[in-house]
Amino acid sequence: QVQLVESGGGLVQAGGSLRLSCAASGRTFSRYGMGWCRQAPGKEREFVAAISWSGPSTYYADSVKGRFTISRDNAKNTVYLQMNSLKPEDTAVYYCAASRNPAGSSVPSEYVYWGQGTQVTISS
């Protein structure tokens, strides 16, 4: 069992930056591939970024590649999403998620544990 709590969302202007954090409980955190997904109003939840259990492998949705960076600190049971050059279309609720696939996943339905989400709003 893994419990996830996101923080760091907020309102920023286009071109700005935010850093999301996801604090995980559970001694087995390091066994899970971790990811971030987002959901905008009226849209389906979509994959944003994922990181393998040990951290060397990361992958991103094309829409955020080069602007977002996912990282993790297993000693702190925390996953981060650094978001730069933010655009209004990045506005969404961002969710942290854990997958039993140690490599992580680009498919939201493959994640088994989810946080409650944190709102990110980008003004133009």
Side-chain angles (χ1 to χ4, degrees):
Q1 185 79 14
V2 176
Q3 293 183 324
L4 305 170
V5 179
E6 304 96 333
S7 61
L11 171 64
V12 298
Q13 289 187 330
S17 297
L18 280 173
R19 188 193 196 202
L20 305 184
S21 297
C22 172
S25 64
R27 292 176 294 176
T28 60
F29 168 74
S30 62
R31 300 179 185 176
Y32 290 85
M34 298 297 296
W36 289 92
C37 297
R38 66 187 182 187
Q39 188 165 18
K43 296 187 177 181
E44 292 188 354
R45 192 169 296 188
E46 65 174 1
F47 167 76
V48 174
I51 187 167
S52 63
W53 71 274
S54 60
S57 297
T58 58
Y59 41 106
Y60 301 91
D62 288 343
S63 59
V64 306
K65 202 171 294 183
R67 300 187 297 122
F68 290 12
T69 302
I70 187 172
S71 61
R72 68 189 294 166
D73 185 337
N74 286 344
K76 296 182 178 179
N77 279 12
T78 302
V79 179
Y80 305 97
L81 185 68
Q82 177 66 44
M83 305 186 295
N84 299 328
S85 302
L86 284 161
K87 305 175 181 180
E89 51 263 44
D90 293 318
T91 295
V93 177
Y94 283 70
Y95 297 90
C96 174
S99 170
R100 292 197 175 99
N101 181 349
S105 176
S106 62
V107 181
S109 61
E110 293 187 3
Y111 287 91
V112 293
Y113 300 111
W114 293 85
Q116 82 289 348
T118 185
Q119 177 70 47
V120 171
T121 304
I122 312 304
S123 63
S124 58

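Worth saying up front: this structure is predicted, and the values here are computed from it rather than measured.
Two residues are said to be in side-chain contact when any heavy atoms from C-beta on lie closer than 4.5 Å; Leu11 and Ile122 fail this criterion. At a threshold of 4.5 Å between non-hydrogen side-chain atoms, the residues Leu20 and Glu6 do not count as touching. You'll find the side chain of Tyr94 reaches within 4.5 Å of the side chain of Met83, heavy atoms only. Side-chain contact between Val120 and Val93 is absent, with no heavy-atom pair separated by less than 4.5 Å. Using a 4.5 Å heavy-atom cutoff, the side chains of Phe68 and Trp36 are not in contact.
Of the inter-residue distances, the one linking Asp90 atom CG with Ser63 atom OG reads 7.0 Å to the nearest 0.5 angstrom. In this structure, OG on Ser52 lies 15.5 Å from OH on Tyr32, to the nearest 0.5 angstrom.
Within a 6.0 Å radius of CD in Gln3, other residues, nucleotides and ligands contribute 12 heavy atoms or fewer.
The cluster map of Ile, Leu, Val, Met, Phe, Trp and Tyr, joined by side-chain heavy atoms under 4.5 Å apart, puts Leu18 and Ile70 in the same cluster. If you chain together hydrophobic residues whose side chains sit under 4.5 Å apart, Val107 and Tyr59 never meet in one group. Using a 4.5 Å cut-off between side-chain heavy atoms of Ile, Leu, Val, Met, Phe, Trp and Tyr, with links allowed through other members, Phe47 and Ile51 fall into different hydrophobic clusters.
Listed by chain and residue number, nothing satisfies the side-chain hydrogen bond (donor to acceptor under 3.5 Å, both in side chains) test with Asn101 (two or more places apart in sequence, or in another chain). In this structure, the side-chain hydrogen bond (donor to acceptor under 3.5 Å, both in side chains) partners of Asn84, at least two apart in sequence or on a different chain, are Ser17, Gln82. Residues meeting the side-chain hydrogen bond (donor to acceptor under 3.5 Å, both in side chains) test with Ser105, sequence neighbours left out: Glu110. Scanning for salt bridge (Lys or Arg N to Asp or Glu O under 4.0 Å) contacts around Lys65 gives Asp62, with sequence neighbours left out. Residues satisfying the side-chain contact (heavy atoms from CB on, under 4.5 Å) criterion with Glu89, sequence neighbours excluded, are Lys87. Taking the side-chain contact (heavy atoms from CB on, under 4.5 Å) definition, one finds that Ser85 meets it with Arg67, sequence neighbours left out. For Cys22, the disulfide (SG to SG under 2.5 Å) partners at least two apart in sequence or on another chain are Cys96. Under the side-chain contact (heavy atoms from CB on, under 4.5 Å) criterion, Trp114 pairs with Cys37, Arg45, Tyr95, Ala97, Pro108, Tyr111, not counting sequence neighbours. Not counting sequence neighbours, the partners of Tyr113 by the side-chain hydrogen bond (donor to acceptor under 3.5 Å, both in side chains) test are Arg100. Listed by chain and number, the residues in a side-chain contact (heavy atoms from CB on, under 4.5 Å) with Glu46 are Arg38 (sequence neighbours excluded).
The heavy-atom pair separating Val64 from Val48 by the smallest distance is CG2-O, 3.5 Å. Across every non-hydrogen atom of Ser21 and Thr78, the tightest pair is CB-CG2, 4.4 Å. Heavy-atom minimum distance, Ala49 versus Leu81: CB-CD1, 4.1 Å.
For the pair Arg72 and Tyr80, the cation-pi test (distance below 6.0 Å, angle within 45°) is failed.
Contacts classified as disulfide bond (SG atoms under 2.5 Å apart) and involving residues 44-89 (residues at least two apart or in different chains) are not found.
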